[in-house]
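Quick notes on the structure that follows.
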There are 2 protein chains.
Amino acid sequence: MSYDLNKFFKAISDPTRVKIMELLKDKEMNVGEICQHFEMQQPSISHHLSILKNADIVKDRKQGKEVFYHLDSICIVNCCSGFQRQFVEQKE
Amino acid sequence: MSYDLNKFFKAISDPTRVKIMELLKDKEMNVGEICQHFEMQQPSISHHLSILKNADIVKDRKQGKEVFYHLDSICIVNCCSGFQRQFVEQKE
DNA sequence: AAATTATATAGATATATTCCTATGTGTATA
DNA sequence: TATACACATAGGAATATATCTATATAATTT
């Protein structure tokens, strides 16, 4: 699978979305739980989640009425190290 | 020295600026030379260069009338690998 | 000193982004 | 089946961003 780097970096260049990523670092959370960590309204959080999902940074899983989100660390590693390699020589 | 990750990722989430970075990958270039690789007007390129400079991604060097820009690969490595480490466990 | 050259800054406009409120959709429950 | 709940989508307003043209600045040349 191949990632859209521009989409990835646009996604992570917003503090709210980075904070969501931090929340999802160790455990999955549903939208309501995520919302509790912000002042923002739920639709705004849903919007940020859709941007993260569209950039392949998070995946979701439906369970009844709820939607659980979790980080896809493979995407993060792939995009960050890929971009880095694009500009910097590797030391062997 | 400490980098502003949000500023860094905002800077690299624009295709024009990434293309400028690619041009500066192996050699320094002055503004006029950089402009030749784009359809865009010179002030727009200057604007992009100032964003890259402000994010510490490029450094500049004045020589007479000209300003030469070059990549700061330390910044790139530091920000990319720093962000990655923030979210992904290292394998030892 | 005046003209030229290289780059930066200022101001305007079009588009993109972020947030809100209102409403739609799908699932569970009474 | 009607209602409630969890989340997503739509539409609008405020702000940010990218681009342009015009002009300022600073160094060089005539």
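Every chain is numbered from 1 and lettered A, B, ... according to where its sequence line falls, protein lines coming before strand lines. Just so it is clear, the values below take in all heavy atoms, side chains as well, and ignore hydrogens, waters and symmetry mates.
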* Can you find a side chain N or O atom of B/Y69 that sits less than 4.0 Å from OP1 or OP2 on C/dA6? -> no
* To do: Determine: side-chain N/O of B/S46 to OP1/OP2 of C/dA8, distance under 4.0 Å, yes or no.
  => yes
* Asked: Whole Å only: how far is the CD1 atom of B/I51 from the P atom of D/dA16?
  -> 14 Å
* Give the intermediate values and the outcome of side-chain contact (heavy atoms from CB on, under 4.5 Å) for residues B/L23 and B/F38. => CA-CA 11 Å; B/L23 291 171; B/F38 296 88; 3.8 Å; yes
Please tabulate, one pair per line, each protein N/O and nucleotide N/O from nucleotides 11-15 of chain D that are separated by under 3.5 Å, including the distance.
none

* Should A/I12 and A/I74 be counted in the same cluster of Ile, Leu, Val, Met, Phe, Trp and Tyr side chains packed under 4.5 Å apart? -> no
* Please check the phosphate of C/dC20 (OP1 and OP2 only) for any side-chain N or O of A/S44 closer than 4.0 Å. => yes
* **Student check: side-chain heavy atoms of B/M21 and B/I76 closer than 4.5 Å** => yes
* Choosing from C/dC19, D/dC20, C/dT7, which nucleotide comes nearest the side chain of A/H48? -> C/dC19
* Asked: Just how far, in rounded Å, is C1' of C/dA6 from CE of B/M29?
  -> 15 Å
* Distance-only, no hydrogens or angles: does the B/K19 side chain make a donor-acceptor pair with backbone N or O of B/H37 under 3.5 Å? -> yes
* Asked: Starting at the 5' end of DNA chain C and moving along, which residue's nearest nucleotide shows up first, B/D60 or A/P43?
  -> B/D60
* How about B/F8 and B/F83: are their ring centres within less than 6.0 Å of each other? -> no
* To do: Please state how far atom CD in A/Q63 lies from atom P in D/dA6, giving the value in whole angstrom units.
  => 13 Å
* Closer to the 5' end of DNA chain C via nearest nucleotide, is it A/T16 or A/K65? -> A/T16
* Asked: Please give, in whole Å, the distance from D/dA6 P to A/Q41 CD?
  -> 15 Å
* Asked: Between C/dT7 atom P and B/K62 atom NZ, what is the distance in whole Å?
  -> 11 Å
* **Summary of salt bridge (Lys or Arg N to Asp or Glu O under 4.0 Å) pairs that have at least one residue in residues 43-56 of chain A, sequence neighbours excluded** => A/K53-A/D60
* Asked: Is any N or O donor-acceptor pair between the side chain of A/Q42 and the base of D/dA6 shorter than 3.5 Å?
  -> no
* **Separation of C/dT18 C1' from A/K19 NZ (nearest whole Å)** => 16 Å
* To do: Check every strand shown and say whether B/F68 touches a base, only sugar-phosphate, or nothing at a heavy-atom separation below 4.0 Å.
  => nothing
* Would you classify A/K10 as touching base, sugar-phosphate or nothing, given that sugar-phosphate means primed atoms plus P, OP1 and OP2, and contacts are heavy atoms under 4.0 Å? => sugar-phosphate
* Do A/M40 and A/V58 belong to the same hydrophobic cluster, where Ile, Leu, Val, Met, Phe, Trp and Tyr are linked whenever their side-chain heavy atoms lie under 4.5 Å apart, directly or via other members? -> yes
* **Nearest-Å distance for atom pair CG/P, residues B/D14 and C/dT15** => 17 Å
* To do: Measure from NE2 on B/H47 to C1' on C/dA8 and round the result to the nearest Å.
  => 12 Å
